[in-house]
Amino acid sequence: MNQGKYLGVLLAAGLLLLSLFSGLYIYKTGFLEGKESINAAQSMNGTNNIQNNIDNNGADSAQNNVENTIDNQGGEEVKNNITNNITNNVKVTVEGDGDVVNSVTNSISNGVMNGTGNGNDSGNGNGNGNENDSGNGNGNGNGSGGDNGNGDGESDFVWGIDTASATNEEFNMCVRDNFGDPEVVGRYLGDKEGVSAGLTQEEAELVKSNNDEILLIHNRFSDATGFENGVQEGEEAISLARELGAPEGTAIFADIEPTYPVNSDFIRGWYDALSSSAYVPGIYGIFSSERNLAAAYNQAVSQNSNIQEDTYIWTAAPNVGITTEANAPEYQPAAPEGALVIGWQYGLDAQECNIDTNLFDNQYTDVLW
């Protein structure tokens, strides 16, 4: 009887040990299989998505840096998507009658660096805003916009007129009805009997009320030779501009007609007088290469290189004929190489309204009144 009891106890103990060994085996097997599954998952395809948005309305600055590194040891495809948006709005309001200098510089550098370590250490980056971030990247500049690439929504060239007649509302209506709406109006300093009526303060106010620029012309001479003569004509032009209240920094153009004798001494004298004043030197005339004016200008530049750098040229070559604003020709002024050309008078002596028609380079019109 006791022997049977001991036999039962031993049998129960054996069954218990068998259960423990079986459980341990199952647990170990499952653990290893799970570990293998995890390791296998590390080599499978993966997708990495990052979205970064900054909305900066009127704040002083915004900094946006994104760095994304992927270490792919398994050799499988990994998809890496980054969406990065910046909105930066700056509003500037200026009120008052005083002189205001307002400069706004807004630059955004958006670099996406996508490095893939697949054994060849190659990089591929795209820079937005004239930046090229890495190895094989392409820089795509989107930093400026506008009708013709000026960055401010304005065209590169503006249409304008010049006239020897006094301007008034009737004159303005004639120009608008027959030709277009000029953004520059060329007018003369002082009267020249039988040739031109001088600009008055009332006319200047009317032109400015239409948001047009005034190009100042000095034509009270007919001989463009001699250094002292050039200085004298320059000083007279400066005095007339002051009387009108033309602001400092305004260019004044010496009108050298094709029938006038001209030499480099006059151009140097004109330049010396204007450049030492509050105003800016300019010269008008037919600047085609075969003309004496072009030769005199080139000789003056050879004697004083500052003339080329600081003197604005308004050329009447070539003459392609009067047009409306809508039918203005492609900008193609003739002038000496390296000259600072502000405009081209391409059409002369319109039968209606007594005007000439012009195109002006918008990047230089800040020297007009």
D361 and F157: which non-hydrogen atoms are nearest, and at how many Å? CA-CD2, 3.7 Å
Side chains of N172 and E169 in contact at under 4.5 Å (non-hydrogen atoms): yes
Would you please test W369 and L244 for side chain to side chain contact (heavy atoms under 4.5 Å, CB included) and show each step? CA-CA 11 Å; W369 178 6; L244 275 175; 4.2 Å; yes
Working to the nearest 0.5 angstrom, can you tell me the gap between L348 CG and T357 OG1? 7.5 Å
To check you understand the geometry: which heavy-atom pair defines the closest contact between S165 and N354, and what is its length? OG-ND2, 2.7 Å
Is it true that S288 and E290 share a donor-acceptor pair across their side chains at a distance under 3.5 Å? yes
Going hydrophobic residue to hydrophobic residue with side-chain gaps under 4.5 angstrom, can you get from Y271 over to V341? yes
Step by step, would you call N210 with V185 a side chain to side chain contact (heavy atoms under 4.5 Å, CB included)? CA-CA 11 Å; N210 292 326; V185 177; over 6 Å; no
Below 4.5 Å, heavy atoms only, C-beta onward: do I283 and F266 meet side chain to side chain? no
Give me the one residue out of E235, E236, E243 that meets side-chain contact (heavy atoms from CB on, under 4.5 Å) with S239. E243
Exam field: side chain T200 to backbone E203, donor-acceptor pair closer than 3.5 Å: yes
Counting N and O atoms only, with roles assigned by atom type, does the side chain of R187 sit under 3.5 Å from a partner on the main chain of A197, one being a donor and the other an acceptor? yes
Look only at the side chain of Q232 and the backbone of G269, and say whether a donor-acceptor pair between them is shorter than 3.5 Å. no
To the nearest 0.5 Å, how far apart are CD in E233 and CD1 in I256? 10.5 Å
Strictly by disulfide bond (SG atoms under 2.5 Å apart), give each pair with a member in residues 223-318 just once, sequence neighbours left out. none
Under a 4.5 Å cut-off applied to non-hydrogen side-chain atoms, are F179 and E352 in contact? yes
Between the side chain of N358 and the main-chain N/O of G343, is any donor-acceptor distance below 3.5 Å? no
Atom OG1 of T250 and atom CG of L215: how far apart are they, to the nearest 0.5 Å? 10.0 Å
Out of the candidates D162, D255, N219, only one should pair with S196 under the side chain to side chain donor-acceptor pair (under 3.5 Å) rule; please name it. N219
Is there a donor-acceptor contact under 3.5 Å from the side chain of W270 to the main chain of G282? yes
Is the shortest heavy-atom distance from the side chain of T315 to the side chain of I286 under 4.5 Å? no
Could you tell me whether a side-chain N or O of W344 sits under 3.5 Å from a main-chain N or O of A317, the two making a donor and an acceptor? yes
So how far is it from I217 CD1 to L199 CG, rounded to the nearest 0.5 Å? 9.5 Å
Could you tell me if D310 and S275 have a donor-acceptor pair between their side chains, going purely by distance under 3.5 Å? no
Flag the pair L240 / R220 as yes when at least one side-chain heavy-atom distance between them is below 4.5 Å, and no otherwise. yes
Taking Y331 as the starting point, is it possible to reach V320 by hopping between hydrophobic residues whose side chains are less than 4.5 Å apart? yes
What heavy-atom pair brings P336 and F287 nearest, and what distance separates the two atoms? CD-CD2, 3.7 Å
Answer with yes or no whether the side chains of E170 and N168 bring together a donor and an acceptor at under 3.5 Å. no
With D265, which residues qualify under salt bridge (charged side-chain N to carboxylate O under 4.0 Å, His left out), at least two apart? R268
Those residues at least two apart in sequence (or on a different chain) that pass salt bridge (charged side-chain N to carboxylate O under 4.0 Å, His left out) with E325 are none
Connected via hydrophobic side-chain network under 4.5 Å: L206 and V184: no
Locate the shortest heavy-atom distance separating S277 from L274; write the atom from each residue and the value. OG-O, 2.7 Å
CG (L293) and CG (N298) are apart, to the nearest 0.5 Å, by 9.5 Å
Y284-L359 co-clustered via ILVMFWY side chain contacts under 4.5 Å: no
Crowding at CG, N304 (>12 non-hydrogen neighbours, <6.0 Å): yes
Quick one: does T163's side chain get under 4.5 Å of C353's, heavy atoms only? no
CG on N178 to CD on Q351, rounded to 0.5 Å: 11.0 Å
Parallel, tilted or perpendicular for Y364 and Y312, by the 30°/60° rule? perpendicular
hydrophobic_cluster_shared for L189 and V207, side chain cutoff 4.5 Å: yes
Between D356 and I161, is the side chain to side chain contact (heavy atoms under 4.5 Å, CB included) condition met? List the steps. CA-CA 6 Å; D356 306 318; I161 65 167; over 6 Å; no
Has the side chain of Q308 got a donor or acceptor atom that lies under 3.5 Å from a matching backbone atom of E337? yes
Exam field: side chain D191 to backbone E193, donor-acceptor pair closer than 3.5 Å: no
Residue pair T323, Y346: steps toward the side chain to side chain contact (heavy atoms under 4.5 Å, CB included) verdict: CA-CA 9 Å; T323 74; Y346 66 83; 2.6 Å; yes
Show the nearest heavy-atom pair for residues P182 and V175, with the distance to one decimal. CD-CG1, 3.9 Å
So, K192 side chain and F221 main chain: donor-acceptor pair closer than 3.5 Å or not? yes
Does any N or O in the side chain of S276 come within less than 3.5 Å of the main-chain N or O of A273, such that one atom is a donor and the other an acceptor? yes
What's the shortest heavy-atom distance between V262 and A296, and which atoms? CG2-CB, 4.1 Å
Does the side chain of I342 reach to within under 4.5 Å of the side chain of L340, using non-hydrogen atoms? no
Is there a side-chain contact between F227 and D272, using heavy atoms and a 4.5 Å cut-off? yes
